[in-house]
Enquirer: 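The structure that follows is given in the form of structure tokens.
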Amino acid sequence: MIQIDSANFEEIVFILKTIAHPVRLQIICLLGKHDSLTVSEICMMVDCEQSLVSHHLNLMKLKGVLNSERTGKNIHYMLRMREVLTVISCVNHHYQKN
């Protein structure tokens, strides 16, 4: 059984709510495979409009899941909280078994 300090429950819920969206999950998985990606690259890979992708990226950056770095005109996003990949992988593994 997993032991979780009750003081950490709110932080865990905060992160789970942050990643709990299909587009955000796609973005996280992409960034798990690439060191960094621009908004344009992510838009092409998830087949969504730039405004929607930018909204999700900004939200995840604000909540500490992602980092970003400006290079010229482009902003490159990278996964800061790589542990979320483990959570996604565990849930995915469970549903592949059933």
Side-chain angles (χ1 to χ4, degrees):
M1 183 172 176
I2 298 173
Q3 292 291 98
I4 301 173
D5 183 356
S6 61
N8 293 334
F9 282 134
E10 290 297 321
E11 289 181 33
I12 293 168
V13 169
F14 181 79
I15 297 304
L16 291 174
K17 284 182 179 180
T18 300
I19 68 172
H21 188 280
V23 174
R24 290 184 217 140
L25 285 175
Q26 283 183 285
I27 293 169
I28 289 167
C29 290
L30 285 171
L31 291 171
K33 295 176 186 173
H34 301 272
D35 290 335
S36 70
L37 293 168
T38 65
V39 177
S40 298
E41 292 169 331
I42 294 168
C43 289
M44 287 176 31
M45 294 175 177
V46 299
D47 194 30
C48 286
E49 292 184 21
Q50 185 170 342
S51 60
L52 179 62
V53 170
S54 291
H55 168 76
H56 288 299
L57 290 168
N58 288 327
L59 178 76
M60 290 191 288
K61 182 182 172 190
L62 180 68
K63 297 194 176 186
V65 176
L66 303 180
N67 278 336
S68 68
E69 185 177 289
R70 181 175 286 280
T71 309
K73 293 181 181 180
N74 293 315
I75 299 175
H76 292 265
Y77 288 87
M78 59 279 306
L79 196 52
R80 177 176 178 225
M81 196 178 289
R82 297 195 70 80
E83 298 84 357
V84 295
L85 293 170
T86 304
V87 173
I88 295 166
S89 178
C90 287
V91 174
N92 185 49
H93 179 73
H94 171 77
Y95 283 102
Q96 285 181 343
K97 288 173 43 177
N98 291 330

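Being a predicted model, the structure only gives us computed values, none of them experimental. These numbers come from the heavy atoms of this one structure, side chains and all, not from hydrogens, waters or symmetry mates.
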Enquirer: Would you give the length of the straight line joining atom CZ of R80 to atom NZ of K61, rounded to the nearest 0.5 angstrom?
Expert: 11.0 Å
Enquirer: Going from CD1 on I75 to CG on N58, what distance comes out if it is rounded to the nearest 0.5 angstrom?
Expert: 7.5 Å
Enquirer: Sub-3.5 Å donor-acceptor pair from the side chain of T38 to the main-chain atoms of E41, do we have one?
Expert: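 Answer holds: yes.
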Enquirer: Please report the interatomic distance CG(L57) to CD1(I27), rounded to the nearest 0.5 Å.
Expert: 4.5 Å
Enquirer: Is the side chain of S54 donor-acceptor paired with the backbone N or O of Q50 at a distance under 3.5 Å, no angle test?
Expert: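 The answer is yes, because a donor-acceptor pair under 3.5 Å joins these two groups.
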Enquirer: Please test M45 against H34 for side chain to side chain contact (heavy atoms under 4.5 Å, CB included), starting from the C-alpha separation and ending with a verdict.
Expert: CA-CA 12 Å; M45 294 175 177; H34 301 272; 4.1 Å; yes
Enquirer: Is the count of non-hydrogen atoms from other residues, nucleotides or ligands lying under 6.0 Å from D35 atom CG greater than 12?
Expert: no
Enquirer: Working to the nearest 0.5 Å, report the span between CZ of R24 and NZ of K63.
Expert: 7.0 Å
Enquirer: Would L37 end up clustered with M44 when hydrophobic side chains under 4.5 Å apart are linked, directly or stepwise?
Expert: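 No, because L37 and M44 fall into different hydrophobic clusters, even though each may have its own neighbours under 4.5 Å.
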Enquirer: How many angstroms lie between CG in L30 and CD1 in I42, if you round to the nearest 0.5 Å?
Expert: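 If I round to the nearest 0.5 Å, the distance is 7.0 Å.
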Enquirer: Measure across L85 and C29 and return the closest heavy-atom pair with its distance rounded to 0.1 Å.
Expert: CD2-CA, 4.4 Å
Enquirer: Would Y77 and L59 show up in the same hydrophobic cluster when neighbours are defined by side-chain heavy atoms closer than 4.5 Å?
Expert: no
Enquirer: Mark yes when over 12 heavy atoms from residues, nucleotides or ligands other than M78 sit less than 6.0 Å from its CE; otherwise mark no.
Expert: yes
Enquirer: Between I28, L16, N92, which is the residue that forms a side chain to side chain contact (heavy atoms under 4.5 Å, CB included) with V87?
Expert: L16
Enquirer: Between atom NE2 of H56 and atom OG of S51, what is the distance when rounded to the nearest 0.5 Å?
Expert: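 Between H56 NE2 and S51 OG, I get 9.5 Å after rounding to 0.5 Å.
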Enquirer: Is it the case that atom CG in D47 sees more than 12 heavy atoms from other parts of the structure closer than 6.0 Å?
Expert: no
